[in-house]
Structure formats: C-alpha cells, structure tokens
Enquirer: 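Dropping a structure here in structure tokens format, bear with me for questions.
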Amino acid sequence: MDAEYVWALLGLLCLALMFTMMALGVRAVRDEQPVSREEDEQ
Amino acid sequence: MITTPFWLWIALIALGTLGSLGTLVAITVTFLRERREGHLW
Amino acid sequence: MSNQLLGIVVIAAFGVLWIAVGLSVARRVRSTDDYLVGGRNVGVALGSATILATWVTGNTILAAPESGYTFGVLGVLGYAVGGGVAVLAFAPLARRLRTLLPAGRTVGDFFRLRYDRKNYGLFLVMLIIWDLGWLLTQGMGAGIILESVFGIDFHVGLVVTVAIVTTYVTIGGMVSVLSTDFMQTMLIMAVVFLFPAWVYISANPVDVYQGMAGLAEAKLSLSAADGLLFLAVIPLIYTGEVFMDNTFWQRAFALRPNVITRTFTLAGIGWVFVPIATGTLAWVAVGTGLELPGGPSSVAPEVVAAYTGRVGAVIFLVLIWAALASTMSALLNAVSGIFMNDVYNNFVRPQAGDRELLRVGRLLTIVAAVITIVIAWPRPLTLLTLLILLGVINAAYIPPIVMGIFFRKTNPNGVFWGVVIGTVAGLLVFGDGAFDLLWLRLEVVDLPAWLGGELQGAVVSFLISTVATVGWTLLRPREFDFRSMIDWTRSENAGIAEGKK
C-alpha cells in the first residue's frame, strides 16, 4: 500500500521532468529561432 | 481518507455537462466565422 | 422492431451518411500531400474538431467510465487531466514542427531526418505496434458496444464498423477525415452534454452520492494510493501517446501555422469535459450497486440502458459509434501514412512518384483495416489495461521527441538505448517480472512486489529513457544542424529526395 504512494510521487517527478525538458527546450530555441518559410504568429 | 464532498462531486458532474456544451458552442461560432472569412481550410 | 434490427438500421444510416460526406469531398485530393495533410491551411474550427474527434475515442466513452468505476473520483480526474494535459503540452511542439519541417507529412519524417537509421527503424516498429494497439481498442470497442446495446454479435459489429470507416478513408484520406470529423465532433459534444444531465435527473444525485458513501466509500476518496497513482501516471502515458503518434503530427502539419497554438488549446480544454461527463455516469452504477454482467468496460452503456431506456440507448450508441469511427478514420489514415511515406517510400521504393504513392497508400489503408479486424477478433484484454501496457512504449518516447525537437546536441545512441532498455524494463515491471503480452505470458524474472504494477511500468520506462537520453547527451553531445531539416524538400518526380547523410 505504501509503495503506491511512492510510485505516485515518482509519477509526479516524471511529469515535472517532462515539463522542465519542454520549458528548457522552448527557451533554447527562442534564442536561435531560424528564419521560417511560413508566417509565424501575427 | 479524504472524501470528496458532495458539492465538489456534483460540481464535477455539472462541469462535464456544461463544459461539453460550451465547447460545442465555441467551435460552432468559430466555424461560422471562419466560413464567412473563407478560412475554413 | 427488434433491438438487433434497430441497431443495424441506425448503423447503416450513419454509415451511409459518413461515406457520402467523406466521398463528396474526396475530389479535393490531388496529391499524396492532400491525402496526408489536407492542404496545410486548416483553420481553428475544423482543426479543433479533428483533434477532438481523434482524441475522443471509444475509450473516452467506455474506458473513462471504467476508471470512474474502478478508481472513483480520482479515476475520472486522472483520465480527464491526463488527456487534456497531453494535448495542451503538444502545442509548443506542433508550432516548432512547422518551422522545422515545412514539407513534413509524418512523425517518421522527423525521426528519419533527426536521428540515425537504427532509431528510425526502431521507432517505426514501435509506432506501428502502438497504432495497431490503438486501432485494436477501437475495433474492440465497436464490437463491445454493439453487442451490449443491441445484441449484435461482437465479430459482426467489429467488421461492419471497420468496413464503413475504411470506405471513406481509403478514397479521401485526410480530407475526408476532416469533414467527417467535424460532423462527428458536433454530434459527440451535443450527446455528451445530454447524458449526465438525463441520467442524474432520473437517478437523484443525492441518493447516488449517499449510495457511493455507503457501498464503496473508497471510490469517493481523494487520497487513495491507487487513485493518486492513476492521477499521476495517466498524464505521462497520454502525453507519450500524443507526442509520438502520427495522428497528432499530421494535424500539426495540416493546420494553418498561425492558428496552431489556439487550436490545440481549444481542443485540449474542450476534451477535458468529455471524460468527466462520461466518467461521472459510472458513479451511478457504484452508488446504486448496479450489476455489470459485461464487466467494468460496459458500465457506461449499462447505466444508460437502465436510466434512459431504449431511446437513450440508441442515442448513446450513436455517440460511441461517432467517437469510434472518427478515431478509427484518423488512425487508418495515419497508419497508412506511415506505411506509404516511411516504410514504402523509404525502404521499398524510394523512387516512387506521387501517383504511385497515392495508389499504394490507399491499398495500405485497406491492409491496416484488415489487420485491425484480425487482431481484435479474439477480444483480448480490457481496454484500459491495453492502453497502460502500450503506455510503457509511449512514455519511453517522450524524451527522444522533446530532446530531438528542441536540442541540437541530443545523442542518438542515448535515445536508442534509452528506448530499448526503458521499454524492456517497463514491460517487466508492468508484468510483475513477466512479459505480459496480449496472447501470452513469459515469466522472466522474480521481482519484489513493490517493483511491479501496470502503471509503474510507464514510470520506469520514462525514467530510464530520460536518464539515458539526457545523460548520454551530456557526456557525449552530438551536434545536429536543424537547417538541414528545415531545408529538406521532397523532389517532384522521384519521391523523397535524400536531403542529407
């Protein structure tokens, strides 16, 4: 029973890692955004 | 054990119903606008 | 009119309608590009409708109530939050994709250009396994619902459903899917709003709540360990599904670039309401001690039948049918896209011209449909269990995709071994030390009890994949020039041009 709480926390950790990866990624490309063929946000 | 109180329980039921209706309306309104503007696809 | 006959009439009527609509727009398909990404200029209305239609599946209507029955309140919350987060999280990826791959058609294009051959091959295998599994759940859902509501034999329901959908998807591809999806989404949202209202008005909410408190108090819990585990892990699995699936990538390529964020946001938020609406239906079964001869998978149709009679049952059937058909159509088109754009055009005939590809693609759609029928025929696991099993693969692919889209230095070897080891370990954890596949169970190793569990499998696969991908990249960064991907185009006459490597 107790083990499941630990796994639930691990699951939350996974989500946190995932969002961190994405946030870092979005920030990384924002600085080096190459010129795109399509019109971006207007 | 933390139990879901009745108000939250019933709020969830209402949320599912009304939220679905709201989404239907939002998409319909957008569809009509985009069709008028020729921006559907 | 007998129930069976009524069911057949209803299915036939809608089947004819979807086919007619699908075929009427099919003449817009002039190229493989149209067939797979429908013009690349889709607006918010059609775009959010097609995302919703794809992501509201038979599972959303049948498995969300199942988790609402098994895990109670946390089951509904987990399912709803999980699916909504997945779509919302995809928005930034979708935006970036359009910049990176202006000529892209499938997720396979990304893997081929971003990583090496072994990664590409492995990904295609995993993707096909995942998509066939997903198709399997839709096929099974069709058989189950037609059997439970109308007494139509499971196999008949399966075959008829697949046949109807395959007809319009084969001819019109993405264009047909977009138009039928719009109609199906309008229908789905209208009916989904109707049923909780109808059922709860008939069943007196106070009685149901008190029934739950008396008969199954654990299901009202917001702190139950198994429910919290579900709430924590389902978003991970669903995000993995969205991030690696070709249905979402095709839609990213199909949308008009400046509406991408708006569309995925509207679809993501709108989607959340659907499993809440259907999931809460299950609570009536819990609170009234309703008998479920068909098992937890059939809780929603059983509740509907009990409280809304025949008319309600027919409308509910139409809802599920629309949800299944729309997802199945998206999947058949997406799978044929992978078969034709990646498998055929890369490994079999790289020199294939556009007309040949289109012809082959249509044929491959039918192949995918037949495979669906064959694997759904023996009626394996419950829907939810199958999703969680496949979730091991889905979760393992999150790091490769996120790291590959945003970071220049991601190491392909880290990606590859992360996925392989993560998936194997995850499957073993899922099976409590065994490979627990659909038709067979292979005992491999003795695992301690705390290290086993279905949802735990996805946690393990994600963590291993993350550690391997990130770790290897930090130790051995491998430079990649995104320009090569951005500049990649398909040559007109000779199929896919080898842009690099």
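First the proteins, then the strands, lettered A, B, ... as listed; each starts at 1. From a predicted model like this one, the values you see are computed outputs, not experimental measurements.
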Enquirer: For C:L266 and B:A26, which heavy atoms make the closest approach, and how far apart are they?
Expert: CD1-CB, 4.3 Å
Enquirer: Do the non-hydrogen side-chain atoms of B:F31 and C:M186 ever get within less than 4.5 Å of each other?
Expert: no
Enquirer: How many angstroms lie between OH in C:Y209 and CZ in B:F6, if you round to the nearest 0.5 Å?
Expert: 8.0 Å
Enquirer: Taking all heavy atoms of C:P196 and all of B:I13, pick out the closest pair and write down the distance.
Expert: CB-CG2, 4.4 Å
Enquirer: Sort out for me which of C:L255, C:V274, C:L281, C:V208 touches chain B most, counting heavy-atom pairs under 4.5 Å.
Expert: C:V208
Enquirer: Quick one, B:T23 and C:F273 - any side-chain contact, counting heavy atoms below 4.5 Å?
Expert: yes
Enquirer: If we define contacts as heavy-atom pairs under 4.5 Å, which of C:G39, C:A254, C:P205 has the most with chain B?
Expert: C:P205
Enquirer: Please classify the contact of C:I188 with chain B as side chain, backbone, both or neither, using a heavy-atom distance under 4.5 Å.
Expert: neither
Enquirer: So for C:F195, is it side chain, backbone, both, or neither that comes closer than 4.5 Å to the heavy atoms of chain B?
Expert: neither
Enquirer: Can you tell me how far the OG1 atom of B:T4 sits from the CH2 atom of C:W283, to the nearest 0.5 Å?
Expert: 7.0 Å
Enquirer: Using non-hydrogen atoms only, which part of B:L8 is less than 4.5 Å away from chain C: side chain, backbone, both, or neither?
Expert: side chain
Enquirer: Would you mind telling me which of C:V206, C:I269, C:V272 has the largest number of heavy-atom pairs within less than 4.5 Å of chain B?
Expert: C:V206
Enquirer: To the closest 0.5 Å, what do you measure between CG (C:L222) and CE (B:M1)?
Expert: 8.5 Å
Enquirer: Test side-chain contact (heavy atoms from CB on, under 4.5 Å) on C:F193 and B:L24 and set out the steps.
Expert: CA-CA 9 Å; C:F193 131 75; B:L24 172 66; 5.7 Å; no
Enquirer: Counting distance only, does the side-chain N/O of C:S223 pair as donor-acceptor with the main-chain N or O of B:I2 below 3.5 Å?
Expert: yes
Enquirer: Among the options C:G43, C:A190, C:G72, pick out the one with the most heavy-atom pairs lying under 4.5 Å from chain B.
Expert: C:G43
Enquirer: What's the separation between atom CG in C:L46 and atom CH2 in B:W41, rounded to the nearest 0.5 Å?
Expert: 6.5 Å
Enquirer: Does any heavy atom of chain B fall under 4.5 Å from the side chain of C:E217, the backbone, both, or neither of them?
Expert: both
Enquirer: If you measure from OG1 on B:T17 to OH on C:Y200, what distance do you get to the nearest 0.5 Å?
Expert: 9.5 Å
Enquirer: Answer yes or no: is there a side-chain heavy-atom contact under 4.5 Å between B:E34 and C:V44?
Expert: yes
Enquirer: Count the heavy atoms of every other residue, nucleotide or ligand shown that sit under 6.0 Å from CZ of B:R35, and state whether that count exceeds 12.
Expert: no
Enquirer: Without swapping roles, check the side chain of C:R256 against the backbone of B:H39 for a donor-acceptor pair under 3.5 Å.
Expert: yes
Enquirer: I want to check something: taking the side chain as every heavy atom from C-beta on, are B:L12 and C:L77 in contact at a cut-off of under 4.5 Å?
Expert: yes
